[in-house]
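Right, one structure below, let's go through it.
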Amino acid sequence: LWVENTGSESADVAFSSTAPGGIAIRPERTTATLGPGQSQYFRFSIAVSEGQTVGTYRVGVFVTQQNPHRSDEHPITYAPQ
């Protein structure tokens, strides 16, 4: 998951995920601070338990900003891609 800080101030971001039982999402890191114009990958693996039924499952991976103070003069933005 690639994230870029397109704002003019540093942004603290955090990785989170959702998955059904029997499926684990394991990120390499869970937080980062991105300076203005800085980008970073949040890499993760998905592990499926041995007893899990073969099928299609919905999982979610998210990166959210942890310091969302925003002003009209200096907005902090980020763009997950």
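Worth knowing before you read on, the calculation uses all heavy atoms, side chains too, and leaves out hydrogens, waters and symmetry mates. Count residues from 1 along the sequence.
The distance from atom CD of Q40 to atom CD of E4, rounded to the nearest 0.5 Å, is 12.0 Å. For the atom pair OH (Y41) and CH2 (W2), the distance works out to 7.5 Å, reported to the nearest 0.5 Å.
Qualifying side chain to side chain donor-acceptor pair (under 3.5 Å) partners for T30, counting only residues two or more places apart in sequence or in other chains: none. Considering only residues two or more places apart in sequence or on other chains, Q38 meets the side chain to side chain contact (heavy atoms under 4.5 Å, CB included) condition with L34.
Applying the side chain to side chain donor-acceptor pair (under 3.5 Å) test to every pair with at least one member in residues 12-22, sequence neighbours left out, gives these pairs: D12-T33. Here ring pair (Phe, Tyr, Trp, His ring centres under 6.0 Å) pairs that include residues 17-37, with residues two or more places apart or in two chains, number zero.
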Can you give me every donor-acceptor pair (side chain of residues 44-60, partner residue at least two apart or in another chain, under 3.5 Å) with its distance?
residue : atom : partner : partner atom : Å
S49     : OG   : G22     : O            : 3.4
Q52     : NE2  : Y57     : OH           : 3.2
Y57     : OH   : T53     : O            : 2.6

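Between N5 and G7, the shortest heavy-atom contact is OD1-N, 2.8 Å.
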Legend entry - Verdict with reasoning, I25 to F15, per side-chain contact (heavy atoms from CB on, under 4.5 Å): CA-CA 11 Å; I25 298 175; F15 177 95; 4.1 Å; yes
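Residues F42 and V13 form a side-chain contact, since some pair of their non-hydrogen atoms from C-beta on lies under 4.5 Å apart.
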